[in-house]
Each structure stands twice: as structure tokens, then as C-alpha cells.
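Naming: A, B, ... by sequence-line order, numbering from 1 per chain.
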2 protein chains.
Amino acid sequence: MISWIFVPRVLGALLWCIGATLLLPLGFSVAYSDGASGAFLLSMAVAATLGAALMVWTRGKAVPPVIGHREGILIVALGWMIAAALGALPFMFAKTFSSVTDAFFESMSGFTTTGASVLTDIESVPESLLLWRALTQWLGGMGIIVLSLAILPFLGVGGMQLYKAEVPSPVPDKLRPRIKDTAMALWKVYILFTVAETALLMAGGLNLFEALCHTFGTLATGGFSTKNASVGHYQSAYVDGVITVFMLMAGINFSLHYSALKGRPQSFWRDPECRFFLGLFALFTVVTTASLYGSVYASISQAFRYAAFQVISMLTTTGFTTADYERWPALAQAVLFLCMFLGGSAGSTAGGIKCLRILLLIQHGYREMLRLIHPHSVFHVKLGGRMVPTDVLHSVWGFFVLYLGLFVLFSLLMAAMSSDLLSAFSSVAATLGNIGPGFGAIGPATNYAALPEAAKWLLSLSMLLGRLEIYTVLVLLIPEFWRP
Amino acid sequence: MISWIFVPRVLGALLWCIGATLLLPLGFSVAYSDGASGAFLLSMAVAATLGAALMVWTRGKAVPPVIGHREGILIVALGWMIAAALGALPFMFAKTFSSVTDAFFESMSGFTTTGASVLTDIESVPESLLLWRALTQWLGGMGIIVLSLAILPFLGVGGMQLYKAEVPSPVPDKLRPRIKDTAMALWKVYILFTVAETALLMAGGLNLFEALCHTFGTLATGGFSTKNASVGHYQSAYVDGVITVFMLMAGINFSLHYSALKGRPQSFWRDPECRFFLGLFALFTVVTTASLYGSVYASISQAFRYAAFQVISMLTTTGFTTADYERWPALAQAVLFLCMFLGGSAGSTAGGIKCLRILLLIQHGYREMLRLIHPHSVFHVKLGGRMVPTDVLHSVWGFFVLYLGLFVLFSLLMAAMSSDLLSAFSSVAATLGNIGPGFGAIGPATNYAALPEAAKWLLSLSMLLGRLEIYTVLVLLIPEFWRP
Ligand SMILES: [K+]
Ligand SMILES: [K+]
């Protein structure tokens, strides 16, 4: 029943699109004369050829009128894998890494907006390749916005059904026109933010290359920097401030930004998830500031600046750093560790479990307490005054248990390849949540380069699973999926 | 609506019962002439006086014919707190500890079968007080069996409703006669096991005092030992073997033991939770043995012996140790860390989230994947071929989220009082799961003595919450509970 015409055709188009975006780093390569132009041209040739092959293969064949769930899932899962493979090509042709594993890891880390890096000296890499690295995140972020607001609601993944109401056509069989409209509207916001942040960063003294790279990393909540010391390199309160604000914005549901730009700024406050997200940010920043003030920073404004940056960076799963938080007090570290699991809003580019689900889980827990007192009464889980359907709750629960289950399974596998417990746990948390840096061997002052090859492949899978809301990948392993 | 006659009357009876059990350590104190007799006599006097006061206060007043949920919850929560307070008296009168906090912590750790200790030199404490310490665990274990198999199923806490079917009367209003019958039947099994293990340990060279203490600690999955090096002190494969087997038995639903003793040994294998528990034990033991063989122990039989002991000790949340597992490879440590969360079977004396719930969570996650492929079909979560009602699933989910929520909240609070992240996380995991030893500052080679006072009170609360399945304590904080 799976349409083997439609799926390859879409994937072919995807190859062409990504290939076309290679023009941007190619332009920088020429401008900087950094010697990487050949690598980009070769990669574009590969993308064009493979894309053309898929197009020719499916040409003239009829696409079935109804595109089902399984085609949607296949396109998403295969699409991300193909993008990661294609993204690795420039690194391989330019010999940025000594192994295919490293090139693929870095590219997967980009397209999944994780920002986990195996580059040991970022500043020695040609500018155009660093721009490509940042661009993979920006493209991945674009993909995620469409995935979470236009595709997952119809697939019924992990509670995203709640966002169905925001798009007029609830018929799952008529996915295609809806996706296009939604995508275009949201991408306009994304591009507007990109222009704004780039301009603001350039006003702070960054050149176009640095400003673009950090903007790509911010809005995709990706976290790839062009500096070994990440954003901390600039030692600038202004740069920290701009990036803090844009990380916060990138962690909010993009359909709310769209509403706000259409003249309804009250949307932010009316949305229960957004209120919860902002509340968490405020609470955690206060706690972390209190923990840092006096112990690490002598002035409260310094404590606040570094606390706010690190908290929003972890909460939105961006992973930019301006401080070595592993030297912070245990309380500040525990807050950041917790943020790694929570994540930003659904419908944003952030990873993690996400605020919407956390909010539903908490309300469900409270409801069960009320049921214990009044066993014969009926209580509903509500969100913004509206009752949440039981099947949405079930999806959320299912997502939550799979997330934790994978965290446990992958942690055990990583432990078999690690020397300490914390590194094993945190490397899985940081990749499954698409954060990037973690604690221990993969802390802010170190990275993933020293891990064994098998660990890098395992963590690449972890990034993919986390980014695609787990279900979308895991479901491919069930025999039921492939049965006609 | 809460009956202020029935609740105090039951608590008065409880005080008398616990007071009466002080006769056993009193007897040992006299036999060993260890100077602690006065402490026990004084404690008995306090228990008798307070119990009498409650009895006199409620004498002659009519008890309402229907005893509701809230009375049941109050008796359970207050009962455990009163037991812990009373249990601290002998330690205080005998000046075992320098502070009330330590005495209360040790007693709460006993009655919740946690086994977290603040004793720095166990072997210097008079025998009778060590026996009392072990006895608090055994009594706590008795309480837990009745709580989980006779009370919680009727209260509908955390999925325990599933066990309603095993007791003939499903009318929640007729709790009392049912509880008595169930309790008596299960206690017979508990006492039979106690006699058997004591005899087997004495056959291995332990004297009556040591055999009794370790038996109490095993069957209650408590883990208090009479030796600083825990069970590792004996350096005996026989003792390790006996305790391993009895820990395994103590981690299985006691109603299955009852069935087996009534001539239906196939009950074990027919019960899906028991199969799952045994499967986890086998899997984890194999993985841990593989991790230890060659790296820590040169012979495979040594690796197996220490792996099996530590795995079942953590999985059943007993907390006895025969090795300093913090020096083990990361994989072996990760397995033990995972065990801390899983726990034994529901209806056993083990703590943790428990196998029944884990099994339901996994099945729910799988069902949600099937629903993604076939969105219009209906799938049920089944256990042993029978459909699990939705409200049971909801209870389990509620329990799970509260468990994790408390883990997070308490970890943050502990982090504010700790120097490192792992100690903060593991001290909460070890108390909420009623395990005892953990990792870091509270590892097998150290204990809770060095923690600040506030941390000890917080962890006492954590033990109580964990032991009473969270809901039973947390519900007291909701205003709804106290409304007529
Ligand atoms: K990231
Ligand atoms: K224990």
C-alpha cells in the first residue's frame, strides 16, 4: 500500500533543494578563497545526479490520490537520513575529518539541530565549511517547524494532534495543500527572524559570516558556533543579550509568532504552553542566579547574565555556552541537567520532551490525586480551559515512555563504551534532546571527538530519534508498518 | 466526613502493637547485658501511655458503619509517621545518636524498609539496638504487604486496582474484614520465610542475633546489616547465596507465594509481572557478569556471584552489598542505577516504580506505535491475556509522573545542599525508591551521616513518600482532602 512513486519523488526534490542551498557556502568559499569550492561543487553534482535519478525513475507514473500516514512517516525519516548523508559530503571532500563517521556525525548533528561536535579545533576549519555546518542546522530547523506544525498533528504523534485545530482542514487525506500553506507562512517568520538577528549581531561587531553562523545556530536552537569557546568567545554582554532573546523566541511555538506578527500579540500570553515555558525560564533563571551570585560571580548582574544565557540555551536545547557550567555549584548544574529533559515549546525548533507534554503530564498527575479523594467523580485534563481528549493524553504518555525507554537503553549501551556513569547518561540526554553539550566527558569544555566510532553512530541515531519525535523512526522497525 | 473516632482508635492500637514488639530487643538486651534495657522499657512506657490516651479519648464513641477512602489514607500516612517517631525513641533514650534528626532518620529508614543509615560505626552499637533497627524494617515490610495487597487496591492507587480481583469482595466500603483475612494469610507466609531464612543463615555459622537481623533486612528488602561491610563482611558464598535467593523471593508478589504454598506453584510463571521480574533479574545478571568478568573478577563464578547479589539487591531495593560497586565498570554501574528505579514486584516488600507498572508502560508505548500505523483501529493494553482498564492505566501514569516529578524536585533541593550532581540525584533515587545505598557521597562505602540536617529531613520525607506510593502522602496536601 505504500506508494513507491510518491516517496522517491519527494526525496528527489529534497535532494535538489538541499543541493541548491550549497550555493551559499560556495559563494563564501569563493569570497574567502578558502580552497573549499571544489568540495561544494562536487557535493552539488552528487545531489543533482541522485535527485535526477529519483525523478527520472518516477517520471510519468501516477501518484495515488490519497497519501497516507505511512508515506508521510517514510518521507520524514528517510528525508532526514538523506539530508544528513548529503550534508556530510562537503566535509568528506574537503577532508575536514579523518573518518566518514565523523563527517556523518557532524552533519546529522547539524540537520537534527543538535550541535554536538567532533571538531577539535573549530577555528582552523575554512569559513565556508563552518557556514555549511551552521546552515545544516538552519535547514534542519526549517524542517522541524513544518514537521511539528503541519505533519505530526495529522499523524497523531505524541500529542501534536492538539495543533490540528490551528489549521482549518482536519481531513488527514488532504495533507498536501495544507502543508504548503502552513510551511510558507511559518518560513516567512523564520526568515524575518534570521534577517533581524543577523543585523543585530553585525551591529554588535560580528562580521557577516560570524553573524550568519550564530543566527543559524540560534533560530534552529542548534548551537554550532564558529569559535572554540562558543558565544563566550565574544565576551560581550550585548551579543549575549541578543542571542539570549532570540533563543527564547526560537523556543516558542512559531504559530504564535505568526499570530503576533498578524497583529495578535496577546497570543503569547493566551497560550498555556507559552506561559509555562516563560514561567520555567523565569523560575530557573532566578534559581540559577541565586546559586551563582557570590559563589561564582561577585555581581548580581553578572550572575544574572550568565544564568539567563545558560538556562535558555539548555531549556531551548540550543547548547550555546558562555561559561563552563561544570564548575558551577551543584544546584545550578542540576537546573541545567533538568532543562535538558524539559525542552522548549512544541512547534518551535527546540528539542527535548517539550513544555506542552510536561504540562499535560503534570495536570494528569494532579487529576489522579483528585480521583483518589473522589473516586466516583469524573475529572478532565484541561489546557487553556479546553478539555484534552483521552487519545491525545495517550499519545503523550506513549511518547514519554518511549523517550525514557530509549534514554535508558542508549545509556546502557553508552555505559558499555564509557569510563564513567555521568558521561554515559549525559551524552544520551544531550543527543536525544538535541542539545549538544552535556556533562562529564562531553561537557562545555570538551566534545564528542574522543568517543569510539560505535558510540558516534549510536549517538547519531539518538539525535535522529530525538529530533523526529521518536515514533516516526521507531515505527519503521515494526513489521506491521511494511505490511500491505 | 473524616471519622475522627475511627482514625485515632486504629492509631492507638498501632502504638500498642509496636510497643509490644519492643519486648524482642528488650529480651536480647537482657541476654547480652548491653545496658540498653532502660531505653526499651522507657519507649514501651511512652507507647503504652500514648496508645491508652487515644483509646480512652475515643472510648464508647460510635464508629460510622462506612469507613471511606480518606480514613484509609489518613491511617496509612499517620500510622507510618507515628511508627517512625516511636521507633526513634530507643535510639534517643540509649543516646545512639547525638541528634533527634539522626534517630528519626534511622527509624524512618527502618519502617520504610529503606536501609539508609547515619550510623558511622555499626559494630560499636549494642546488639539489642541493632536488633530493633532490623526489626523496624521487618515490621515495615509487614505493613507494606498489607498496604499493597489489601488497602491500595481498594483505594485505587497507582494501578494496584488490578489486585482487587484477587480478593473476593470488591465493595470498597467493606474494607475491614477483608483486610484482616488477607493480612493474616500473607503474614503467615512472611513468618514462614523468616523462620526458614534464619535457620539457613544459622546453618551458615551466623549466631541467632546476626541471623535474625539479616533475615529481617532481607524479607523486608530493607538492607540494614549488623556489620560495617554489610553482607560482604562474611566473605561466604553460602551466606551470599542464601540471601540472594531470599531477596529474590522477597521481591515477588506475596500473594503468589501464598498460592504456591497452597499447592499452585505454577502461579509464579502464570503471572506476567513475575515473569518480567525474573526476566529482568536474569538479563541484568548476565550483563553485569559479562561486565565484571575479566575486569574486576578473574573467574566467571566470582563475577556471577557478585553480579547476582548486587543486581537482586538493587532490583528488589534491598541495598545489601557484598562489593564496592562504585569501582565497577560503567556498564555494571549503569545497570545497578537503572535497577534503583525499576524495583521489584507490586505486592512484595520491594520499593521503586515496580515491575507491574514498568510492564504496563512498555505495553502502552508499543500500543501507541501501532495506533500510529493504523489510526482508525482500536488496540488494548493487555496483561496476561486480559484487557487492562483505562482507569488503571491512568493511575499508573499518574503514579509515574508524580514519582519522576518528586525525583526532580527533591534532586534540585538536594543539589542546593550538595557538592556534586551525582550524589544529589542518587540520594533521592535511593530514598524515594527505598533502596538505601546509592552512588557518590552515599555510595556503598559511605553513608548518609555527613549530610546536613535539612537534607536528612528531606530524605526522610522522600523515604515516606516512596514507601507509601506517593499518592497516599501527597493527597494530604490537597485542600480537597480535608473538605467535608
Ligand atoms: K542544540
Ligand atoms: K532497602
Provide the closest heavy-atom pair for Arg371(A) versus Ser395(B) in the form atom of the first, atom of the second, distance. NH2-OG, 3.4 Å
Between Leu338(B) and chain A, with a heavy-atom cut-off of 4.5 Å, which part of the residue counts as in contact: side chain, backbone, both or neither? side chain
Aromatic rings Phe337(A) and Phe425(B): how do their planes relate, parallel, tilted or perpendicular, breaks at 30° and 60°? tilted
With a 4.5 angstrom heavy-atom cut-off, is it the side chain or the backbone of Val408(B) that approaches chain A, or both, or neither? side chain
If I measure from the heavy atoms of chain A, does Ala416(B) come under 4.5 Å with its side chain, its backbone, both, or neither? both
Name the orientation class of the two ring planes belonging to Trp397(B) and Trp397(A) (parallel below 30°, tilted from 30 to 60°, perpendicular beyond 60°). parallel
Contacting region of Ile73(B) [heavy-atom separation from chain A under 4.5 Å]: side chain
Which bit of Ser423(B) is near chain A, if near means a heavy-atom gap under 4.5 Å: side chain, backbone, both or neither? neither
Contact origin within Ile358(B) toward chain A - heavy atom pairs under 4.5 Å: neither
Shortest non-hydrogen contact from Leu404(A) to Leu404(B)? CD1-CD1, 3.4 Å
Determine the option with the most heavy-atom pairs under 4.5 angstrom with chain B, choosing from Arg367(A), His394(A), Met414(A), His364(A). His394(A)
Heavy-atom contact with chain A under 4.5 Å, split by part of Leu402(B): side chain
